[in-house]
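Basis for what follows: all heavy atoms, side chains included, without hydrogens, waters or symmetry-related copies. When a ligand or atom number is given, it counts from 1 through the structure's own listing order.
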Amino acid sequence: MSAAFPARDLIAVLFTFAILLVVWTVRQSRFSSELIACIPGPRSKSWIFGNMLDLLLTKEYGEHEFKWLQKYGPVYSVKGYFGEHRLMVSDPSTLKYILSSPRFAMGHSQRKTTILLFGKDNMLIRNGESHRHIRNIINPWFSSKNVRLALPAIRENVRKVIDLWEAQGVPGNTFDISQTLHNSALDIMGDALLEYRFDALTGQSELSKIQRTILDSASSPTELGQLADATLSYIPDAVVRWASHLPIPSMQVVKTYQGLTKALSSHLVQQKRETAAVGADHSLIGHLTGLNTTDSSTGVPDEEIPIHLRTLLVGGGDTVASAIGWTLYKIAQMEGLQQELRNEIQSASGNGLDDLDYDNMPFLNAIINEVLRLFAPFPLAERVATEDCILPLSHPVVTTTGRLISEIPIKKGQPIFVAISAYHRLTSIWGADALEFRPSRWFEEEPCKGSALGPHRSLLTFLAGPHVCPGWRFALLEIQVFVTEIVHKFVLSLPDNDSARPSVAVTLVSKTADGVQQLPIHIEAVV
Ligand code: HEM
């Protein structure tokens with residue numbers, strides 16, 4: 001999850017240059033290794049920002065990063081904030097090592113952001129036994145059999161979107177679909193995961209509005225915001241937790257969000273305890289409370305439940321909305337492809353859309369996979385080494401001093417970018433046309449020419465290893481249902497003045513030329 005959380009006014013309180021300098025000096029001496037400084041990479045224009053603005057604050061995501069990839073290869077160095085050396089990694093062997101090894105944890109600023117927003121013991125920052133414990137509790141809920149049970153709730157919510165668009169007179173017009181998708185994704189999670197109605201689509205839920213406020217303000221990254229995130233990473237966890245009680249506007253919003261999610265979780269837990277028979281409640285809350293089994297030692301303490309609830313609600317909302325948005329965008333852009341998909345939907349739905357077997361719709365899945373490859377909702381993940389170790393490389397790297405190295409020793413504290421989107425653009429893995437949006441590659445015997453990294457079709461979109469996204473099957477089903485229902489009902493096209501471009505702001509959002517976060521699509525009813 002991205003670190004771009006709006007802690008700007010928090011930083012106004014916490015940011016003291018002198019402290020930063022001292023901490024920076026101590027940290028530099030801990031992890032900078034001479035070798036890392038000799039790994040080739042782009043020059044940085046500023047000591048404060050390093051290459052980070054070129055990486056994270058561009059008009060279109062990847063504007064510089066994908067050129068660096070071509071120039072320096074799948075492992076290179078970039079300058080982080082305050083002169084820090086970071087490694088940018090898309091080499092499959094190195095990624096496999098980093099993502100499966102217990103020697104890496106979530107990056108510092110993402111760690112603090114998740115502590116502020118979700119709570120101190122959230123699953124993203126847990127490792128080892130404590131992380132395994134929570135994953136063993138939630139993973140069964142996300143099994144393919146269980147996810148299938150969510151299908152009616154997903155369909156019902158997508159059909160509400162269609163009804164709303166028809167009632168609002170959307171067909172025949174160009175419409176920004178992004179807010180609808182965000183709200184509907186939250187409603188789907190409420191219905192399917194929590195058996196609770198958020199009513200985000202109709203704008204009636206306080207919780208959905210406040211979650212939107214937090215995520216929207218995080219979606220307007222600025223230089224100051226980037227600096228705030230960078231500074232946050234130097235502040236101890238306990239100070240971050242203390243700072244969350246400060247009477248400043250952004251912290252008040254977070255506090256309100258935490259209060260609402262806490263009240264929601266108490267309500268859901270109490271309701272389950274009153275109504276569900278022990279051993280028989282297979283809802284997600286049933287899993288978290290241990291009501292799904294007669295073994296009373298399973299489940300988590302009640303005070304932990306809101307933390308997991310927040311992680312799931314944020315983790316499964318805008319990510320899914322981003323993937324659906326970009327899928328509909330590409331379908332709108334490619335008329336022939338859209339018609340072929342509509343034909344597939346029509347011939348597969350002989351007895352109506354309720355009988356569709358989504359996994360047996362090759363065209364639908366090829367388009368979705370290609371979007372998940374080139375428009376991964378999380379283009380970058382951050383990791384930090386928790387001990388000294390040696391990174392393996394698929395191919396040797398020539399250092400700036402001319403030395404050929406086939407592995408990179410790193411020190412504890414070394415920050416690393418897991419370059420998800422860059423991995424999806426490696427010609428060595430995806431072929432010479434890796435940069436091209438070509439769904440037909442998914443009909444080939446071997447679309448990915450390398451060993452699988454992620455859980456779905458070798459894509460790294462949902463990451464891999466112990467922290468692999470638990471919701472990936474659920475997300476895929478949501479995208480499949482959304483796309484089939486919408487394409488069955490509407491003809492999509494891009495407006496003449498289309499200027500939507502992918503831009504990273506927590507997730508891969510769409511921004512138009514004026515910098516506004518929106519995804520305008522022209523929608524007509526199918527006749
Ligand atoms: C297209 C949609 C989605 C994408 C691209 C996505 C991607 C990811 C990625 C990349 C991570 C790893 C983050 C990291 O460790 O740095 C992650 C973790 C996570 N995701 Fe997803 N996700 C999606 C949908 C969902 C859904 C639908 C849910 C839940 C309903 C969900 C819940 C979570 C949770 C709880 C984690 C933390 C797992 C852990 O740390 O053990 N995600 N997701």
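- Judged by distance alone, the side chains of Glu129 and His133 never bring a donor and an acceptor atom under 3.5 Å apart.
- The residue among Leu372, Leu309, Val418, Leu463 with a heavy atom at the shortest distance from atom 12 (C) of ligand 1 is Leu463.
- In this comparison of Ala323, Ala105, Gly316, the heavy atom closest to atom 26 (C) of ligand 1 sits on Gly316.
- Checking Pro470, Cys469, Gly471 against atom 36 (C) of ligand 1, the nearest heavy atom belongs to Pro470.
- The residue from Arg383, Arg310, Arg473 that puts a heavy atom closest to atom 16 (O) of ligand 1 is Arg383.
- Taking only nitrogen or oxygen atoms, main chain and side chain alike, His467 reaches within less than 3.5 Å of ligand 1.
- Relative to the ring axis of Phe66, Arg425 places its NZ or CZ within 45° and under 6.0 Å from the centre.
- Side-chain contact check for Gln518 and Ser178: no donor-acceptor pair (N or O, by modelled atom type) lies under 3.5 Å.
- The side-chain heavy atoms of Tyr81 and Arg86, taken from C-beta on, include a pair separated by under 4.5 Å.
- No N or O atom of Glu478 sits closer than 3.5 Å to an N or O atom of ligand 1.
- Within the 4.0 Å heavy-atom criterion, neither part of Glu382 lies near ligand 1.
- The structure places CG of Leu459 at 8.0 Å from SG of Cys448, a figure rounded to the nearest 0.5 Å.
- Both tests hold for Arg373 against Trp430: distance to the six-membered ring centre under 6.0 Å, angle to the ring axis within 45°.
- His456 and Asn369 are linked by a side-chain donor-acceptor pair at a separation below 3.5 angstrom, with hydrogens and angles left out of the test.
- In this comparison of Leu312, Val468, Val147, the heavy atom closest to atom 29 (C) of ligand 1 sits on Leu312.
- For Gln110, no nitrogen or oxygen atom sits less than 3.5 Å from a nitrogen or oxygen atom of ligand 1, counting backbone and side chain alike.
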